[in-house]
Structures are given as structure tokens and as C-alpha cells.
2 protein chains.
Amino acid sequence: MAKQNTLFKDAFNRCLLLLSETSALPSEPELGQALGVSRTTVRAILSRCEEAKLISWDKRQKIVLRRPEPSDYFPTEETDSLAERIERSFMRRILAGGAEPGMQINELELAREIGTGTTSVREFLIRFSRFGLIEKRPNSHWVLKGFTREFALELTEVREMFELRSAARFVSLPENDPAWAELKQIETLHREILADIDKRYSEFSELDERFHLLVHRSSSNRFIVDFYDVIAIVFHYHYQWNKANARERNARALEEHLAYIAALQSRDPRQAEQACRRHLKSARETLLQSIP
Amino acid sequence: MAKQNTLFKDAFNRCLLLLSETSALPSEPELGQALGVSRTTVRAILSRCEEAKLISWDKRQKIVLRRPEPSDYFPTEETDSLAERIERSFMRRILAGGAEPGMQINELELAREIGTGTTSVREFLIRFSRFGLIEKRPNSHWVLKGFTREFALELTEVREMFELRSAARFVSLPENDPAWAELKQIETLHREILADIDKRYSEFSELDERFHLLVHRSSSNRFIVDFYDVIAIVFHYHYQWNKANARERNARALEEHLAYIAALQSRDPRQAEQACRRHLKSARETLLQSIP
DNA sequence: GATTTGTCTTTTATCCACAATAGACAGATT
DNA sequence: AATCTGTCTATTGTGGATAAAAGACAAATC
């Protein structure tokens, strides 16, 4: 089967959205830019649109003939890349299922379960190994080290070092740095969600990631920024998995964030450090509480 | 060709060393333990030893018939794993050769040059990407970010955070922790090399890695210990590549290490921090000097 | 003259096959 | 009773094949 054309399908779906808002499509390179794909893929999309009588296509003339209907879209299951599917399956297995530390991980078995080749699973495991949750025994299996208390403590120790350093850098960013504008936006979103917390508390997870990533970015250090991936994936699956008291937890975190944001905006290193420490401490406690 | 039997060849060579010192070999599981391979490989080794009339083998009787000669060994080029060969080729290319940042890296071309399949190269690049020197553009090529001044500064920034933290932990290790004995050994080696610095200065590189890894290990934090891989690979190739004034540089570093070791042994956190800072500062300067 | 399109080549992502290696189990040996 | 050996099976490491996707280049169009 070689490569799945998930990129094509996903870009096609996104093209239909564009198409429902205009009467003609732009040039091929421009469309490629808009969809983030190469001209080869753009042309495949246009061909399919033409076949489905969505547009008439003659060289530069790409006229919309009708609005796309739900049945024109590819089903969402077909638009996820293989890597995403593998990640989800794997995380479900090791977080939800009984995942005792020390358990062996079998490439072939995982591949069969997910319905894919071993190469892709293998590459996923290699990429994933940098998160410190699994380890390879050469010429033999992988070992699950598990989402344990030690893991959480080691993770948060490094996180705290990095975020304190990043917050210190943040307050000294020049006035015209775009991070200040982004911070303002994030602040506004916090207030909006807090104002309607009962309905919108579940939006916190995404906002949390956006905020902390912004802080880490100001370190201008690739190792610090890259490490944020580890934190993000852990918290991402952690939120999905541990929903007890989510509303209260998130409300409290939003308040802490607002204090932290105000401290950053004050440009005072001491205030920023204090607010950062306070929030990180409670984030650590929350994470630890969810581990048996 | 599927898999190369480099493990077998390497283990066979190591087995010949054992064989030259005894008159009979132990049981298969024991031999496997000693060589770090499975019984399957042990049996392959024994078969070959028998064929080469090095031993007579009948079930539990494995009697050495003659001493191995140089011609019995496999040539060392054949005992390196594919991953090691790829790493060396790649590092030579990007460090020695003209490696401008922004250059594209082509899996197929690399594979052809090294004489291997694309899968292995690909897996190597994925593993290597955690060192922050290359970056993947999905569905497209890899980009070389280059061994630049920024890279060195970002690397040393994190290194300094981690090593200071580890040194602080080190001084509070309990008296009976094996790290103290290892530190003593390392200290002795330092003195031996310094005493005969003109001949032995090149042994510093390996000792340097051993010392700093010991310090990082005392953090008991997998992320800190894993990060030491990044430092180690950079310094490893850096030493191979920048040999100007190696004798003086190494002599100075050895002196600094001895001061640092004494400070650790004093168990005084303040002294340890000072000595650590002093050494890291000069290590950073040395690294930066070698970058244009 | 700058874009755009048509066409073609190159490269990546993925599956599959096969040798090397690990590992399991029962019968043999101490 | 414990360990070892013989034998067999399962899994990993690696090369090669192929569809999807990117990208190069010249001719066409504005």
C-alpha cells in the first residue's frame, strides 16, 4: 500500500471550506501556500473537485459551480496521518490500559493491533523515546518505564528550572517584542473563559499549552523549547484521562495564570519569579495527585 | 542482505580474548552473560570456534585446543554496528565538510554514500534529531541547523543549569554511595595523566566524559542524564576535530577538574558551586573559540 | 517581466521480506 | 533439584519496492 494519501484528503477537505466562501479559486501556487502543500497535491485536489463537478477548471479559470455538501468531504478518520493514529493508539494502551512499569513493548504486536507496518511503529517508538517513558534494549524489545511518580517528579524538576529561566527572560524582552501582544491576547482569553467557566472550562487545556509555550519560547533556547513537547504531551493526555474536579482545577489554574501574567507584565523579575513558582508548585501537586 | 552479523563478529572477537586466558570455556548461559549476548549467538560463536579448531566442543566439554592468532579475529571494520558507521559518516560530513546551516539533507543520497538502505539512515536521523542540529520538514527533506555559535550557547546554557544542580546533589550523597569511590578513582586517573601529560594528554577526552557523566548521574533525573548524551557527542566530535593546542587545553582542564573534584569531596555546597562554575566557564570558552 | 501551468524527476513514507538475534520449552546431565 | 543443551519460534534490524508528495524546468499566459 505504500503511502496513504491522508495529506491529500486533509488538504482536500480544507479546500472545500475555502471553496464554500468564494466563486473562484486562486492560482495553483497560491492555493498551495494557503493549504500548506505542494503544487502536485493542489493539482490532485483540483482534479478531484472537477470530477465531483464542484468547479470547472481550465488553466487559470477555476470557477466554483456549486457549494460543497457534507458527502463531498472525506471522513475524518481518513485524514489523520499514520503517525497521529499510532500515537493515539499507543497512548491509550499505556495510559488507559493496565500499563505496569517494566512491561515489554512488542513492535510487531503493536503494528498488528494498529493495522500498520512495523517500520512506522518503530519510527514512532524511536521518536517517542525522548519523552523518557520507554527505553530500548538493543536487538530486543522496548521496555515501558511507566508514568510513575518518579517520572512526574523528574519531569517537573526540569520544567521548573526551565520555566523560571524563561520567565526571567520574558520580563526583559523589549517593548516591541510580539510576545507582549500575544500575552495580552492570552490574558483576554483567560478572562473570557473564567467569566463563563461552567460551560467553557474544558477550553483550558489548549490555552494552558499556548501560554506556557509562549513563556518557554522567550528563552530562545532550542533545548528548552523542545523540552516543552515532553511537558505538553504529558499534560495533554493527563487532562484527557483525569477529569475529576476538572472545573475547579481549571478555574484555580486560570486564576494563577492571571496572577502570573500580571507579574510578567509588571516587568519586575522578582514578582515574575514568585508568581511562576506559585503556579508551578500547584501544577506539580495536581499532576502528582493523579498518580496512584 | 537483511541484518549484518556484526554483533556475532564483535562477540566472537571478545570471546577469543577470554579463550586466550583459559583452558576451557564455561556453560553457554554463563558465556552469554559474559559477552552480553543471547545463547543463540553464543552457539554460533562456539560453532565457529570449533570449525577453526580453536576448541573441541561436545555438549558441556569446551576444551581450548590452541591460542587464537591475529588471523582468527574478524577485522574491526566488520564489528561496528550499522548505526555507528552511519553516525561517523554523518558527523564527518557535517562537521568536517562544508556544512552551511540551512543545507538540505537527503536520505537517499546519504544512504547511497554510506552504502546502506534508506530505512537505517532515516532511523538514525530521527534519533539524531534530538541533538538539535537537524530538523525535519514533514513530507520533505531534513534541514541542517548547523554547529553554530547559537547552538553552542544554547547547549552550554542548559548544561550549566543541569550540572550546577547535579553538583549540588552530589555533595549531599550519603557516605556509602558508590559515586564517592568512583570519584576517587577518577581523581587518581587525573593525577596519573597529569604526571605524564606529554604522552597521555589524549586520554583526557574519555576521562572528561566519564567524570561529567558521574556528576550528572547524581541528579537521579533521567532528563538531565539523557541530556548529557547531547553534550558528550558534541564534545566527542569537537575533540576529534579541533586538535590545536590540545595538550595545553587538556592540561588546564585536568587542573580544573582536580579543583572541582576536591570541592565535591569537601561536601561544601558553596565550594562545589564555585569550582563547577569556574570549570564550566572555561569549557564554554574553549568550545566557542573553535567556532568561527 | 513576472507568474502560472504542464510535464517530468526526485524524494519521502510505508509496506514487505529475510537474515540475525533473542527467547521459550522440554529433555538431558550433573 | 538445579542447571545445561537441543530445538524451535518470535522478534528485531535492514534492504528493497512502490505510491504519495515535493520540487525542477521550460513553455505558455497575463
Side-chain angles (χ1 to χ4, degrees), chain A residues 1-11 26-32 35-47 57-62 81-83 86 104-112 115-126 136-142, chain B residues 1-11 26-32 35-47 57-62 81-83 85-86 104-112 114-126 136-142:
Chain A
M1 280 163 251
K3 214 169 177 172
Q4 297 293 307
N5 55 352
T6 56
L7 186 76
F8 161 73
K9 288 177 176 171
D10 182 52
S27 74
E28 295 173 13
E30 209 170 321
L31 204 50
L35 297 170
V37 297
S38 75
R39 261 188 66 219
T40 306
T41 306
V42 167
R43 288 172 69 84
I45 292 170
L46 291 173
S47 293
W57 179 27
D58 183 48
K59 299 185 179 172
R60 302 183 184 212
Q61 304 283 317
K62 307 178 192 80
S81 81
L82 188 50
I86 296 178
Q104 293 184 13
I105 298 166
N106 186 313
E107 294 176 4
L108 201 59
E109 192 186 320
L110 257 176
R112 274 193 292 249
T116 178
T118 50
T119 314
S120 316
V121 168
R122 209 178 147 72
E123 288 181 3
F124 165 78
L125 291 172
I126 294 172
K136 177 127 195 68
R137 299 288 150 84
N139 285 309
S140 183
H141 49 260
W142 292 81
Chain B
M1 275 165 254
K3 212 169 178 173
Q4 298 291 307
N5 56 351
T6 55
L7 186 77
F8 160 72
K9 287 177 176 171
D10 183 52
S27 74
E28 294 173 14
E30 208 170 322
L31 204 50
L35 297 170
V37 297
S38 75
R39 260 189 69 218
T40 307
T41 306
V42 167
R43 287 172 69 85
I45 292 169
L46 291 174
S47 293
W57 179 27
D58 182 48
K59 301 185 177 174
R60 302 180 184 212
Q61 303 283 320
K62 308 177 192 81
S81 81
L82 189 48
R85 283 197 347 250
I86 296 178
Q104 294 183 12
I105 297 166
N106 186 313
E107 295 176 2
L108 199 60
E109 191 186 322
L110 256 176
R112 274 194 292 250
I114 301 173
T116 179
T118 50
T119 313
S120 318
V121 168
R122 206 178 150 72
E123 288 180 3
F124 166 77
L125 291 172
I126 294 172
K136 176 127 197 66
R137 298 290 150 83
N139 285 310
S140 184
H141 49 260
W142 292 81

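If you're wondering where the values come from, they're calculated on a predicted model, not measured in any experiment. Sequence lines set the chain letters: A, B, ... in the order given, protein chains first and strands last, and positions in each chain run from 1. Any value given below was found using the heavy atoms of this structure, including those in side chains, with hydrogens, waters and symmetry copies removed.
- Checked against side chain to side chain contact (heavy atoms under 4.5 Å, CB included), B/A111 has the following partners two or more places apart in sequence or in another chain: B/T116, B/T118, B/V121.
- Judged by closest nucleotide on DNA chain D, A/V42 is the one of A/V42 and A/Q61 placed further toward the 5' end.
- Applying the 4.0 Å criterion to OP1 and OP2 of D/dC4, one finds that B/K62 has every side-chain N and O outside that range.
- Not one side-chain nitrogen or oxygen of B/N5 sits closer than 4.0 Å to the OP1 or OP2 atom of D/dG13.
- In this structure, B/F8 and B/T41 approach most closely via the heavy-atom pair CA-CG2, 4.0 Å.
- A donor-acceptor contact under 3.5 Å is formed by the side chain of B/K3 with the base of D/dT12.
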Do any N or O atoms of the protein come closer than 3.5 Å to N or O atoms of nucleotides 23-26 of chain D, and which pairs are they?
residue, atom, partner, partner atom, Å
D/dG23, OP1, B/S140, OG, 3.0
D/dG23, N7, A/T40, OG1, 3.4
D/dG23, O6, A/T40, OG1, 3.2

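- A/R43 places a side-chain heavy atom less than 4.5 Å from the side chain of A/W57.
- Counting only heavy atoms from C-beta on, B/N139 has its side chain closest to D/dA21 among C/dT14, D/dA21, D/dG6.
- Scanning both residues, A/I45 and A/A11, for their nearest heavy atoms gives CD1-CB, 3.6 Å.
- Between B/Q4 and B/K9, the closest side-chain pair of non-hydrogen atoms is not below 4.5 Å.
- Applying the 4.0 Å criterion to OP1 and OP2 of D/dA20, one finds that A/T41 has every side-chain N and O outside that range.
- Place B/W142 and B/G36 on DNA chain C by their nearest nucleotides, and B/W142 ends up nearer the 5' end.
- Residues satisfying the side chain to side chain contact (heavy atoms under 4.5 Å, CB included) criterion with B/T40, sequence neighbours excluded, are B/S38.
- Using a 4.0 Å heavy-atom criterion, one finds that B/K9 contacts no nucleic acid atom at all.
- Where B/P26 and A/K136 meet DNA chain D, the nucleotide closest to each residue was compared, and B/P26 sits on the side nearer the 5' end.
- Note on A/E109: nothing from the nucleic acid sits closer than 4.0 angstrom, heavy atoms only.
- Heavy atoms of B/T116 sit under 4.0 angstrom from primed sugar atoms or phosphate atoms, though from no base atom.
- Partners of A/Q104 under the side chain to side chain contact (heavy atoms under 4.5 Å, CB included) rule, at least two apart in sequence or in another chain, are A/H141.
- Of the residues in residues 118-126 of chain B, those placing a heavy atom less than 4.0 Å from an atom of DNA chain D are B/T119, B/S120, in numerical order.
- Going from atom CD of B/E107 over to atom C1' of C/dT10 covers 13 Å, rounded to whole Å.
- Defining each end axis of the helix from C/dG1-D/dC30 to C/dT30-D/dA1 as the rotation carrying four pairs' C1' atoms onto the next four, with five pairs an end, the two axes are found to diverge by 40° to 10 degrees.
- Across all strands, B/I105 comes closer than 4.0 Å only to sugar-phosphate atoms, never to a base (heavy-atom distances).
- Residue B/R43 places at least one side-chain N or O under 4.0 Å from the OP1 or OP2 atom of D/dG6.
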